[in-house]
There are 2 protein chains.
Amino acid sequence: MARTAGSDGGKTQAAIRDAAISLIARFGYEAVSMRQLAAEVGVQAAALYRYFPTKEDLLYDLMTAHMQALLASWQEARPSTAEPAPRLAAFVRNHIRFHVERRHSTHVNNMELRSLSRDRLTAILRLRASYEKELRQILRDGAEQGAFTVEDVTLTAMAIIQMVTGVIVWFRPDERLSVAEVTDTYHKMTMRLVGAREN
Amino acid sequence: MARTAGSDGGKTQAAIRDAAISLIARFGYEAVSMRQLAAEVGVQAAALYRYFPTKEDLLYDLMTAHMQALLASWQEARPSTAEPAPRLAAFVRNHIRFHVERRHSTHVNNMELRSLSRDRLTAILRLRASYEKELRQILRDGAEQGAFTVEDVTLTAMAIIQMVTGVIVWFRPDERLSVAEVTDTYHKMTMRLVGAREN
DNA sequence: GAATTAATTGAACGTTCGTTTTATTCTTGT
DNA sequence: ACAAGAATAAAACGAACGTTCAATTAATTC
């Protein structure tokens with residue numbers, strides 16, 4: 001057999017991306033075979049190679065798209081004010097919202113870095129660093145203006161990132177807490193963590 | 001050929017555990033082959049099966065040992081006082097010390113849960129839950145006694161665990177900060193996070 | 001409606017995987 | 001000195017892996 005009725009390259013490529021994110025998030029990159037992925041999409045394994053030259057190319061594509069979407073969402077959400085407190089609040093709230101909405105691809109980006117080649121790992125880490133730099137700048141401004149108490153900007157930034165990204169490890173929608181409640185509590189904890197003045 | 005001069009089952013088993021932790025932490029469970037592991041130990045792949053019936057048995061052995069060592073270290077370190085603040089301080093300090101000392105096996109326990117069978121996953125998660133329960137109890141006592149400000153005990157416990165375990169993601173000894181400095185800063189951040197009264 | 005391009009199949013490639021089997025050598029207790 | 005058992009090597013097993021290739025059909029273009 002050959003080309004099937006109604007087949008469309010664009011739709012197939014999108015379906016591959018979706019299936020790959022969900023399968024890799026659940027079972028891990030190494031544990032997911034190209035045949036298993038193809039079966040989920042509803043094609044033969046060979047068809048995948050029309051869209052992604054290798055398995056690693058597919059992984060890199062997914063991770064790059066995730067990081068670029070994260071950076072874009074922060075550019076969209078960042079406030080214009082120079083005041084540290086509302087900027088930190090916006091960062092935490094946007095971060096949690098984005099990561100809860102994209103649990104699966106966040107999982108892929110956090111767990112599968114070691115399956116990338118050196119160059120591609122470097123590229124992803126560069127994108128990640130530029131995102132974390134935004135948080136460090138907020139903390140540095142807050143410390144300099146006396147609005148925050150921060151012992152070490154880099155360390156505090158990592159602590160906050162780990163804390164808020166960790167939401168996706170345990171949070172499941174439709175449970176005890178809503179996204180809004182979780183975000184509110186994390187916002188309060190973050191503000192206390194940096195010793196923000198009450199106002 | 002067959003048995004080699006100076007071979008000793010006890011030493012070989014310990015060498016297998018050490019090599020497995022370091023290789024799996026670096027490359028991931030699925031990516032490490034039994035042949036690669038055997039080469040690191042300095043034996044043939046078949047020799048591994050004298051000590052561990054299957055690859056998954058080996059992984060489960062490593063993860064169980066890690067969790068039991070963690071619980072044991074807390075039993076050793078927990079203070080006898082009923083005051084929440086020193087108890088929380090001891091928890092955070094012991095947690096960071098333990099995890100920095102055992103970066104590799106912590107990595108294995110955090111990353112490879114999905115490679116376990118259902119029953120074994122449940123067993124590991126049970127051990128983990130009993131550890132987290134200790135932290136929740138401290139937070140609950142602190143909130144009830146008015147020593148802490150805690151919006152949600154479960155959520156705050158997860159936030160603290162994620163934050164302090166995250167140290168191993170970025171911290172490397174022999175760098176800018178010492179373990180003691182990192183521990184001190186995390187201790188201060190944790191105390192502010194839970195709104196601990198100064199005293 | 002013929003020619004061209006796009007999308008997919010089915011079969012096969014060589015390699016590596018976890019694991020088993022069998023035979024051989026070393027160590028230990030008597 | 002020798003038997004018993006522990007420890008390992010070497011080779012092999014079938015299955016699964018990522019990937020390639022030629023053939024074939026559907027859609028598009030002229």
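Because the structure is a prediction, the values reported are computed rather than measured. Note on naming: letters A, B, ... go to the chains in the order of the sequence lines (proteins, then strands), and numbering restarts at 1 for each one.
Between the CZ atom of B:F27 and the P atom of C:dC17 there is a distance of 13 Å, rounded to whole Å. The separation between B:L37 atom CG and C:dG18 atom P is 10 Å, rounded to whole Å. For the pair B:E30 CD and C:dT16 P, the computed distance is 18 Å after rounding to whole Å. A straight line from CG of A:L48 to P of D:dT19 spans 10 Å, rounded to a whole angstrom. Look at CZ on A:R35: it is 14 Å from P on C:dT9, rounded to the nearest Å. With rounding to whole Å, A:K11 atom NZ is found 17 Å from D:dA26 atom P. A straight line from CD of B:Q36 to P of C:dC17 spans 8 Å, rounded to a whole angstrom.
The residue among A:R50 and A:A46 whose nearest nucleotide of DNA chain C is located toward the 5' end is A:R50. Comparing B:M34 and A:G42 by the nucleotide of DNA chain C whose heavy atom lies nearest to each, the residue mapping closer to the 5' end is A:G42. Remark on DNA chain D: of its neighbouring residues B:V43 and A:T4, the 5'-side contact belongs to B:V43, judged by nearest-heavy-atom nucleotide.
Residues of residues 52-62 of chain B having a heavy atom closer than 4.0 Å to DNA chain D: none are found.
Enclosure of atom CD in B:E76 is not indicated, since only 12 or fewer non-hydrogen atoms of other residues, nucleotides or ligands lie within 6.0 angstrom. Heavy atoms of other residues, nucleotides or ligands lying less than 6.0 angstrom from CZ of B:R172 number more than 12. B:H107 NE2: 12 or fewer foreign heavy atoms inside a 6.0 Å radius.
Looking at residues two or more places apart in sequence or on another chain, you find a ring-ring contact (aromatic ring centres under 6.0 Å, His included) between A:F91 and A:W74, A:Y131.
B:Y49 has no side-chain polar atom (N or O) that falls below the 4.0 Å cut-off from OP1 or OP2 of D:dA7. A sub-4.0 Å separation between OP1 or OP2 of C:dA7 and a side-chain N or O of A:T12 is absent. In this model, the phosphate group of C:dG10 is approached by a side-chain N or O of A:Q44 to a distance below 4.0 Å at OP1 or OP2. Close to D:dA16, at under 4.0 Å from its OP1 or OP2, lies no side-chain N or O of A:S33.
Using the six-membered ring where Trp is involved, A:Y186 and A:W170 have ring planes that are parallel, under 30° apart on the 30 and 60° scheme.
Between A:R120 and A:D61 no salt bridge is recorded (no basic side-chain N to carboxylate O distance below 4.0 Å). A salt bridge links A:E101 with A:R97: the closest approach of a Lys/Arg side-chain nitrogen to an acidic carboxylate oxygen falls below 4.0 angstrom.
When heavy atoms are screened at a 4.0 angstrom cut-off, A:V41 is found touching no nucleic acid atom at all.
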